[in-house]
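A short write-up of the structure that comes next.
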Amino acid sequence: MPSADTMSKGKSWAEQVDEGDEGVLPPNTEEYDEKKGVKKITEYKYNEEGKIVKTVKTYRIETIKVSKSIAQRKTWKKFGAAERDPPGPNPANTILSEEIFMQFVNSSEQKQADEEDDPLGKLKNQKIVSCRICKGDHWTTKCPYKDTLAPLQEKLTEDQRKPEVPPPSTAAAKSTGGKYVPPSMRDGAAKGRGESMSSQRKDEAATIRVTNLSEDTRESDLQELFRPFGPISRIYLAKDKVTGQSKGFAFINFHRREDAARAIAGVSGFGYDHLILNVEWAKPSGQQ
DNA sequence: GTTGAGCGA
């Protein structure tokens, strides 16, 4: 924070210059207050009009703990335009700005301290994800009620937005607002269905994982292989996104868990192509 | 041995 002022003792520097003192520049001084960690540099020079200007610059010398490898950089040789500069920062092109506080996300020490100081903050951190549908502790897209509750909520807000709409004449449209609504969620049918479900979606309980597939197995092959055990709702064959190359495993969703169980018993150890298939229950992906 | 892909708040 350099500041310039003129000498206040007696006559001003300008006056002294006028009186013919030109050429006598007081020596520059540099003092360091170790207690305050402040370095003060006083400089005298002529400005464009040939007048002497006193400049006082104060620097706060900060002691910052840095790792050895970073401290090492201080010993690097200066180069380019600064090649001949003396060691340390050059006040002509280096300033100290205001303090900047950094938060190190990966510091385990810091994290621990935070959690100890502020158990509330810890809780807050964990509750970053809140479902927009049921306020649960998961992403909205993972909500077990997203197929039942969400359409109902949509319908509600829609009704609020345009309450002036005259009621449609047909009986079917009367209760649904003109949109198709599956029977399972018409007028109170939603009750008693959502409650019995745990946090998992129904079909996810019937997912099996098939591994040790030969890389030329296709989804249709899996379809044929598992269809005898019962209706399949979804098949996913893991492939490389770029090359399309099969990764050698797949997920099969059955409608019924018991079908999936029979599929495991029936296909596990089954020789398919030149390999022996391995079939197990699939663990849910992600952090559900 | 090998557990998906995507979207955020």
Side-chain angles (χ1 to χ4, degrees), chain A residues 103-106 111 114-115 118-158 194 197-227 229-288:
Chain A
Q103 200 156 17
F104 295 97
V105 177
N106 289 326
K111 202 169 144 197
D114 278 359
E115 282 175 7
D118 188 7
L120 216 95
K122 186 182 166 190
L123 278 177
K124 245 188 254 162
N125 280 347
Q126 287 178 341
K127 188 74 182 178
I128 292 169
V129 176
S130 164
C131 176
R132 279 193 292 257
I133 295 168
C134 71
K135 310 292 174 227
D137 204 0
H138 46 250
W139 295 107
T140 306
T141 45
K142 300 240 178 189
C143 180
Y145 306 114
K146 82 170 163 181
D147 293 335
T148 48
L149 231 46
L152 288 176
Q153 289 180 350
E154 256 173 50
K155 183 177 146 357
L156 276 174
T157 54
E158 213 171 80
M197 283 195 298
S198 63
S199 66
Q200 283 208 323
R201 291 191 53 190
K202 209 181 166 196
D203 61 322
E204 261 167 9
T207 306
I208 58 173
R209 175 186 113 220
V210 191
T211 54
N212 216 24
L213 289 163
S214 78
E215 51 186 35
D216 40 327
T217 306
R218 286 162 308 165
E219 281 188 11
S220 57
D221 298 321
L222 296 166
Q223 163 95 255
E224 279 172 34
L225 180 62
F226 287 101
R227 205 169 35 198
F229 299 99
I232 294 164
S233 60
R234 192 170 60 116
I235 289 181
Y236 180 90
L237 176 60
K239 300 185 266 231
D240 187 291
K241 219 168 88 180
V242 185
T243 64
Q245 177 69 234
S246 166
K247 288 198 198 163
F249 67 92
F251 295 99
I252 320 284
N253 267 52
F254 283 91
H255 283 294
R256 288 186 294 267
R257 196 176 157 82
E258 53 270 31
D259 291 338
R262 286 191 299 121
I264 292 173
V267 181
S268 199
F270 185 81
Y272 195 70
D273 265 0
H274 55 286
L275 297 169
I276 292 172
L277 294 186
N278 186 26
V279 189
E280 311 168 58
W281 290 111
K283 276 192 291 215
S285 73
Q287 70 272 42
Q288 248 180 48

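Just the heavy atoms: all of them, side chains too, but no hydrogens, waters or symmetry mates, feed the values below. Below, read A as the first sequence line, B as the second, and so on, with proteins coming before strands; counting in each chain starts at 1.
Going from atom CG of A:D137 over to atom C1' of B:dA9 covers 12 Å, rounded to whole Å. When the P atom of B:dA5 is taken as reference, atom CZ of A:R234 falls 11 Å away, rounded to whole Å. Look at CG on A:L275: it is 17 Å from P on B:dT2, rounded to the nearest Å. We find that CD of A:E280 is positioned 10 Å from C1' of B:dT2, with the value rounded to whole Å. The distance from atom NZ of A:K239 to atom C1' of B:dT2 is 17 Å, rounded to the nearest whole Å. Distance, A:L237 CG to B:dA5 P: 10 Å, rounded to whole Å. For A:N253 and B:dA5, the CG to P distance is 15 Å, given to the nearest whole Å. Here the C1' atom of nucleotide B:dT2 and the OH atom of A:Y236 are 14 Å apart, to the nearest Å.
Atom OG1 of A:T207 sits about 10.0 Å away from atom CZ of A:F254, to the nearest 0.5 Å. Here the CG atom belonging to A:D137 is positioned 7.5 Å from the OG atom belonging to A:S130, to the nearest 0.5 angstrom.
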**Message:** Determine whether A:L213 and A:L275 satisfy the following criterion, side chain to side chain contact (heavy atoms under 4.5 Å, CB included), listing intermediate values before the conclusion.
**Reply:** CA-CA 7 Å; A:L213 289 163; A:L275 297 169; over 6 Å; no
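With B:dA9, B:dG4, B:dT2 as the candidates, the nucleotide lying closest to the side chain of A:T140 is B:dA9. Checking B:dG6, B:dG1, B:dG4 against the side-chain heavy atoms of A:N212 singles out B:dG1 as nearest. Taking the side chain of A:R132 as heavy atoms from C-beta on, and the options B:dA9, B:dA5, B:dT2, the nearest nucleotide is B:dA9.
Aromatic stacking of A:W139 on B:dA9: not satisfied for centres closer than 5.5 Å together with planes under 30 degrees.
Residue A:K241 has a polar side-chain atom (N or O) positioned under 4.0 Å from OP1 or OP2 of B:dG6. Contact check, A:K283 against B:dT2: no side-chain N or O comes under 4.0 Å of OP1 or OP2.
Along DNA chain B, the nucleotide nearest A:H138 and the nucleotide nearest A:N278 are compared for position; the residue whose nucleotide lies closer to the 5' end is A:N278.
Qualifying side-chain contact (heavy atoms from CB on, under 4.5 Å) partners for A:D221, counting only residues two or more places apart in sequence or in other chains: A:T217, A:R218, A:Y272.
A donor-acceptor contact under 3.5 angstrom links the side-chain atoms of A:T141 to the base of B:dG8.
A:F251 comes within 4.0 angstrom of a base, heavy atoms only.
Other residues, nucleotides and ligands place more than 12 heavy atoms under 6.0 Å from the CD atom of A:E219.
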